[in-house]
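One structure is given below, encoded as structure tokens.
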Protein chains: 2
Amino acid sequence: MVAITIKDVAALAGVSVATASRVLSGSPATSPAARAGVAAAAAQLDYRPNAQARALRSTHTESIGLLVSDVRNPFFADLAHTVEQAALAAGYVTLLGNANERKEQQDRYLDTLISRRVDGIVVAPLGDGSGSIRSLIERKIPTVFVDRTVDGLDVPSVTTDSETGIRQAVAHLAAAGHTRIGYISGPQAISTGRDRFAAFTRAVAEFGLSQDPDLVYFGDFQAASGSAGVHALLELRQPPTALLAADSPMAVGAIAILHKRGLRIGRDVALIAFDDIEWFALLDPALSVISHSVEDMGRIAVKMLLEVIGGGTPESVVLPSELIIRASSSAPISGVPDSPAAVSPASGPSPRKN
Amino acid sequence: MVAITIKDVAALAGVSVATASRVLSGSPATSPAARAGVAAAAAQLDYRPNAQARALRSTHTESIGLLVSDVRNPFFADLAHTVEQAALAAGYVTLLGNANERKEQQDRYLDTLISRRVDGIVVAPLGDGSGSIRSLIERKIPTVFVDRTVDGLDVPSVTTDSETGIRQAVAHLAAAGHTRIGYISGPQAISTGRDRFAAFTRAVAEFGLSQDPDLVYFGDFQAASGSAGVHALLELRQPPTALLAADSPMAVGAIAILHKRGLRIGRDVALIAFDDIEWFALLDPALSVISHSVEDMGRIAVKMLLEVIGGGTPESVVLPSELIIRASSSAPISGVPDSPAAVSPASGPSPRKN
DNA sequence: CGTTTCCATGGAAACGATTCCACGACTACA
DNA sequence: TGTAGTCGTGGAATCGTTTCCATGGAAACG
């Protein structure tokens, strides 16, 4: 850890630190001779400016923070990738934090990002407006919410309109004759969990399908709860003939347990997932999904954050979602899955259809 | 962006900045009265220490950098997750960078991490020992290589012994009657690309299988090159009856194109991938993989980095790999894939076997 | 040739924290 | 009661950089 400072560079170039600093930061008020000397000295010593000292003096760091709720969720991995690329293109580096769907980790990272004086933060928030997320807005640190929002916090956001896609999915299932759709929901403490659940509830009512509350299982957006959800739903006296999972990890958990139970997706039970993940199309049968553009989301989030940093107050953006029909949901219903529970006489194509 | 400094806290508490600093950093040489006063003042003002200023004075930042080559590769997403959790448990925050398999982005992030004076860096390096990666070791910045190494750089590393797993895979395919195995390799500029290719070459020779150089396609560890590889291999006059992909994104690309060509994995052509990704087991047929533990890799990398930071020189670790046989490779060969190319009389179970 | 303007330069203050050092007050021991 | 040791405290130096301000020399003007 040998420390090479601007003082060393200045000494080698035979100028003062002030001049060296001016050259290194590209100030016009420098002579060609000084420019050449300092540049040569810096190169020779492999000088790297101390970002701490620089930030201490000049109050901006050319860096932004990105806090996602789960890096292992491919949706957020993709988001991290696009945000990072967009930020890099604008000259910012991205510090990525992973809240792991836990509020205390979110607070921990938020504190760190505040301490490190990032110029702005893109966050997929969880929890309510308490804790460090409140400090963020009280200190007027440029912030943009992505994918999720927090009630009562007036922060620009980029989110998805889940309504359209979910309505399309329910319509599609209803048209295939399904009347009992099992819904594996996200937690109601998270805005996307609430929105998607509300959209599902409205759609089910609109198409006259069963509103049996037992058909909804509340998971936590992680894989294990998808498995638990399928398990719970299939144990019902009147199990659903179609399943809708509110995010991709829960869909993965659902698929795993369906395989284990020997149920054929697309024939014994239809399945649709929210979030389009590249390899969902590679499954057999290919998985129907509700798709929304993670590239747009990341790109727009960065653009909005830069506006906020620049003093603007951009309007929030809502991106569309749409159903992509593949084999996992396209066969007409073939009856009740072979659940160990009693086969209910009320299932199958129902008179309540439409 | 209102700035609350330790000066404000000290003033409110009615003590000097020195005393405030001592209380806030938990020095024992403080009176209970001072402790209480300063703590109250800090809480009331919602004081967050300026990490820049702190680091400037005390030369360590309680943060590490993690530079992965591709966040969208689930292997590295998992790695990021474990590294971050392990670091957090040790009191460090992780700054994640994504090189995107591009050397100039790797250099860019490395420079940033050096500038920000992270206490140490875990990196999955790409390229040779030139560029910023050399500055890293010349400055004696604590560094640990993970997954990959760089020739000629004496840096502690955690890697996988690809040899065992690949040998098992080739043996398994040979036992099923395959004599022509197509290999979708990683780039030879990356250590894992070289190691796995070398292991494949040795295994193929050992088991007396075809060493036809056309059976090797050199990809870039990303999905598109997996597709291109399958395409090229199946166009051979004597196409392979089994495929081995050197990482998971290329396996995904391979599967996509096999589907598109209407080839049945596990029957028309066997497929094995390096890297065990959770959902590979969910494919139909389930994908045989060469598995290695990403959790161990991340955990050990952090442990080693902390040792280096503490002044130690830990031994490099090589983790084992093993074949996990699933349906994609377990059927005996059924002959030549229905390639649009002419069916060669020499393919199928061959006299050259063993 | 004298005065003004311009401009590159160096000295020094500032950013916000930590930490060395000195000081005063107190306890404890002889 | 005098001296030594302990302990909490404040002043000031320090980290590496940027930036304000003053300075001095050269160019430009009349």
Side-chain angles (χ1 to χ4, degrees), chain A residues 1-39 41-42 45-63 111-112 114-119 139 141, chain B residues 1-39 41-42 45-63 111-112 114-119 139 141:
Chain A
M1 278 283 211
V2 234
I4 294 169
T5 75
I6 199 172
K7 220 178 282 183
D8 304 314
V9 175
L12 180 61
V15 299
S16 72
V17 282
T19 301
S21 170
R22 272 185 284 256
V23 170
L24 292 169
S25 53
S27 158
T30 49
S31 69
R35 265 196 292 276
V38 171
L45 296 174
D46 191 27
Y47 166 74
R48 309 295 164 99
N50 183 325
Q52 328 282 354
R54 190 198 291 258
L56 184 57
R57 183 61 223 246
S58 45
T59 62
H60 58 296
T61 57
E62 318 296 321
S63 64
D111 285 353
T112 303
I114 296 175
S115 270
R116 299 200 145 244
R117 302 293 192 265
V118 290
D119 294 345
R139 286 158 184 269
I141 293 171
Chain B
M1 279 282 209
V2 236
I4 294 169
T5 75
I6 198 172
K7 220 177 281 184
D8 304 315
V9 175
L12 181 59
V15 298
S16 71
V17 279
T19 301
S21 170
R22 273 185 284 258
V23 170
L24 292 169
S25 53
S27 156
T30 50
S31 70
R35 266 196 290 277
V38 171
L45 296 174
D46 191 27
Y47 167 72
R48 307 295 163 101
N50 182 325
Q52 329 281 357
R54 191 201 292 260
L56 185 57
R57 181 63 222 250
S58 43
T59 60
H60 57 296
T61 57
E62 319 295 323
S63 64
D111 284 352
T112 302
I114 295 174
S115 270
R116 300 202 145 242
R117 302 292 192 265
V118 291
D119 294 345
R139 285 158 185 268
I141 294 173

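Below, chains carry the letters A, B, ... as their sequence lines are ordered, and counting in each starts from 1.
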Can you tell which of [options] lies closest to the side chain of [X]?
X	options	value
A:Ser58	D:dT18, C:dG11, C:dA8	D:dT18
A:Pro49	C:dG16, D:dT17, D:dT19	D:dT17
B:Arg22	D:dG16, C:dC20, C:dT9	C:dC20
B:Ala18	D:dC21, D:dG11, D:dT9	D:dG11
B:Arg54	D:dT18, C:dT18, D:dG10	C:dT18

What's the [atom1]-[atom2] distance between [X] and [N], to the nearest Å?
X	N	atom1	atom2	result
A:Glu62	D:dT18	CD	P	12 Å
B:Leu56	D:dT18	CG	P	12 Å
A:Leu24	D:dT17	CG	P	9 Å
A:Ile6	D:dC15	CD1	P	15 Å
A:Asn50	D:dT14	CG	C1'	13 Å
B:His60	C:dT18	NE2	C1'	11 Å
B:Arg48	C:dA17	CZ	P	13 Å
A:Lys7	C:dA12	NZ	P	13 Å

Examine [N]: is either OP1 or OP2 under 4.0 Å from a nitrogen or oxygen in the side chain of [X]? Give yes or no.
X	N	value
A:Thr19	C:dT9	no
A:Ser31	C:dA8	no
B:Ser16	D:dT9	no
B:Tyr47	C:dA17	yes
A:Ser21	D:dT18	yes
B:Arg57	D:dT14	no

Exercise for the section: Taking the side chain as every heavy atom from C-beta outward, state whether A:Val38 and A:Arg22 have any atom pair closer than 4.5 Å. Expected result: no
Exercise for the section: Could you tell me whether the side chains of A:Thr61 and A:Ser63 share a donor-acceptor contact shorter than 3.5 Å? Expected result: yes
Handout entry: Backbone of A:Ala53 reached by a side-chain donor or acceptor of B:Gln52 within 3.5 Å
Key = no
Exercise for the section: Go through A:Arg35 and A:Thr30 one step at a time and tell me if the side-chain hydrogen bond (donor to acceptor under 3.5 Å, both in side chains) criterion holds. Expected result: CA-CA 7 Å; A:Arg35 265 196 292 276; A:Thr30 49; 2.7 Å; yes
Exercise for the section: Might you point out which heavy atoms bring B:Ala42 and B:Val9 nearest each other, and give the distance in Å? Expected result: N-CG1, 3.9 Å
Exercise for the section: Identify the two heavy atoms, one from A:Asp119 and one from A:Glu62, that lie closest to each other, and give their separation to 0.1 Å. Expected result: OD2-N, 2.8 Å
Problem - Identity of whatever pairs with D:dG30 - Watson-Crick or G-U, under 3.5 angstrom - result: C:dC1
Exercise for the section: Searching all strands shown, indicate the nucleotide that pairs with C:dC23 (Watson-Crick or G-U wobble; both distances under 3.5 Å). Expected result: D:dG8
Problem - No-H, no-angle donor-acceptor pair, B:Arg117 side chain to D:dG16 base, under 3.5 Å - result: no
Exercise for the section: Mind checking B:Ala34 for me? I need base, sugar-phosphate or nothing, with any heavy atom below 4.0 Å counting as a touch. Expected result: sugar-phosphate
Handout entry: Along DNA chain C (nearest heavy atom to each residue), the more 5'-positioned of A:Val17 and A:Ala33
Key = A:Ala33
